[in-house]
Amino acid sequence: MRTVFWEDNKVKMIDQRLLPGTFVLAEFDTVEGIARSIREMYVRGAPAIGATAAFGMALAALRSQATDREGLLADLRAAKATLDAARPTAVNLSWATARLLTLAEQTQADVDALRQALLAEAQAVADEDVEINRRMGFHGAELIPDGANVLHHCNTGALAAVDFGTALGVIYACQEQGKRIHVWVDETRPRLQGARLTAWELMRAEVPMHLIADNAAGHLMRTGQVDVVIFGADRVAANGDVANKIGTYKLSVVAKENGIPVYAVVPTSTIDLNLPDGDHIPIEERGPEEVTHIGETVIAPENVPVYNPAFDVTPHRYITGIVTEEGVCYPPFTQSLRKAKEAAEARIAARRRQR
Ligand SMILES: CSC[C@H]1O[C@H](OP(=O)(O)O)[C@H](O)[C@@H]1O
């Protein structure tokens, strides 16, 4: 089952807030509901958020009462503003809403034809994501030796995408190729995407793993128990600086200190060439309850002051390579990322011409 999909003129998704204990689908049929599903992390993970936002734009077109093209475009622009505001860091969100809005603005068609074109484009975003993830899995698996111990942060599997995943997609590709690998799964405080989601995915896939406290990662790297560090990203700046789940920077610095390669696995939709470096990437700050509670259990004093940044930025000097669907990008990232992004955009344009 895909993490997010369109059915019966609704957007349906696995409610990841309740995993691993409860597997249920949530469904939304308004733009505001889609924005809430992203903001409250029913669905999370940059590529999954992007596909959800694309379906949100198709839903906006379907629900628009406009009888002319300009009226529909106005409703789509309003929907883009609502969806883009849901979470600031993952560029896939605004990338997806911009892709749908641009298609509408460039298509001279009546309202009904535009509605159909937008739903087809949203479905294409979702279908492409699965293909892109499999391509990244193939490219990334070439970096992982048989028998490797891999340290992974947060969740980047099928739950973080439409299906298959990004960094965990590399793990799944290694498994399909018969490589014997083991994964150290960072629990990933405070939302525990590693403990709740990655452990759940890898156990279902029967990938050898151990769940670790985030603070155990340094010990494992210093004592030679980690061969490669791998993670996803929410936004990559033009120079290769990587914004990813909080804790990624610390992992990458310690990995470099111990001579361990670090790879970010990133669809080109996550690369933001408009930002020169990571200092320009907006970092989402989330509520204190994520830090003071584990589920319903309170783990801190009442009214304790909390600061809860959801992401951090890893400077490109700590990144060995960035795995994209177009291949592995190596320093100087400014050139290699641009080349990958241009190749991917040409592929999308060629596919749209074939439709
Ligand atoms: C391929 S998922 C990218 C990225 O998204 C996750 O963040 P969140 O769970 O808050 O949406 C995490 O940073 C993953 O690495």
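Counting convention: from 1, in listed order, for ligands and their atoms alike. Everything quoted here is computed from the prediction, not taken from an experiment.
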Only heavy atoms count here, so choose which of His153, Arg235, Lys245, His152 is nearest to atom 8 (P) of ligand 1.
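Going through His153, Arg235, Lys245, His152 one by one, Lys245 has the nearest heavy atom to atom 8 (P) of ligand 1.
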Under the ring-ring contact (aromatic ring centres under 6.0 Å, His included) test, residues paired with His280 that sit two or more places apart
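Partners of His280 under the ring-ring contact (aromatic ring centres under 6.0 Å, His included) test: none.
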With under 30° as parallel and over 60° as perpendicular, where do the rings of Tyr249 and Tyr318 fit, or are they tilted in between?
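Perpendicular: the ring planes of Tyr249 and Tyr318 meet at over 60°.
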Only heavy atoms of [X], strictly under 4.0 Å: list the atoms of ligand 1 that pass.
X      : result
Ala160 : 1 (C), 2 (S)
Arg87  : 8 (P), 10 (O), 11 (O)
Thr156 : 15 (O)
Met41  : 9 (O), 10 (O)
Asn244 : 4 (C), 12 (C), 13 (O), 14 (C), 15 (O)

May I ask you to identify, for Asn155, whether its side chain, its backbone, both or neither come under 4.0 Å of ligand 1 on a heavy-atom basis?
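The backbone, only.
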For Phe311, which part has a heavy atom under 4.0 Å from ligand 1: side chain, backbone, both, or neither?
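The answer is the side chain of Phe311.
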Summary of ring-ring contact (aromatic ring centres under 6.0 Å, His included) pairs that have at least one residue in residues 89-123, sequence neighbours excluded
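Qualifying pairs: none.
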Just to check, does Ala233 reach to within less than 4.0 Å of ligand 1 when the distance is taken from its heavy atoms?
yes
For ligand 1, is there an atom lying under 4.0 Å from some heavy atom of Ala310?
no
Nearest protein heavy atom with distance in Å, relative to [atom]:
atom                    : result
atom 12 (C) of ligand 1 : Cys154 SG, 3.4 Å
atom 6 (C) of ligand 1  : Arg44 NH2, 3.7 Å
atom 1 (C) of ligand 1  : Thr166 OG1, 3.1 Å
atom 13 (O) of ligand 1 : Asp234 OD1, 2.6 Å

Would you tell me whether Asp127 and Gln123 have side-chain atoms, one donor and one acceptor, within less than 3.5 Å of each other?
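Side chains of Asp127 and Gln123: pair found under 3.5 Å.
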Is it true that the side chains of Thr156 and His152 contain a donor and an acceptor less than 3.5 Å apart?
yes
Can you tell me how far the NZ atom of Lys245 sits from the OG1 atom of Thr89, to the nearest 0.5 Å?
8.0 Å
So, for Phe55 and Phe5, is the gap between ring centers shorter than 6.0 Å?
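No, too far apart.
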Below the 3.5 angstrom mark, is there an N/O of Gly45, backbone or side chain, next to an N/O of ligand 1?
yes
For ligand 1, which is the ligand I care about here, please tell me if Gln193 has any N or O atom under 3.5 Å from one of the ligand's N or O atoms.
yes
Given Arg134, which partner from the list Glu176, Glu325, Glu128 fulfils the salt bridge (Lys or Arg N to Asp or Glu O under 4.0 Å) test?
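Single salt bridge (Lys or Arg N to Asp or Glu O under 4.0 Å) partner of Arg134 among Glu176, Glu325, Glu128: Glu176.
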Kindly indicate whether a cation-pi arrangement holds for Arg204 with Trp200, taking the cut-offs as under 6.0 Å to the six-membered ring centre and within 45° of the axis.
yes
Are there over 12 heavy-atom neighbours, none belonging to His210, within less than 6.0 Å of that residue's NE2?
no
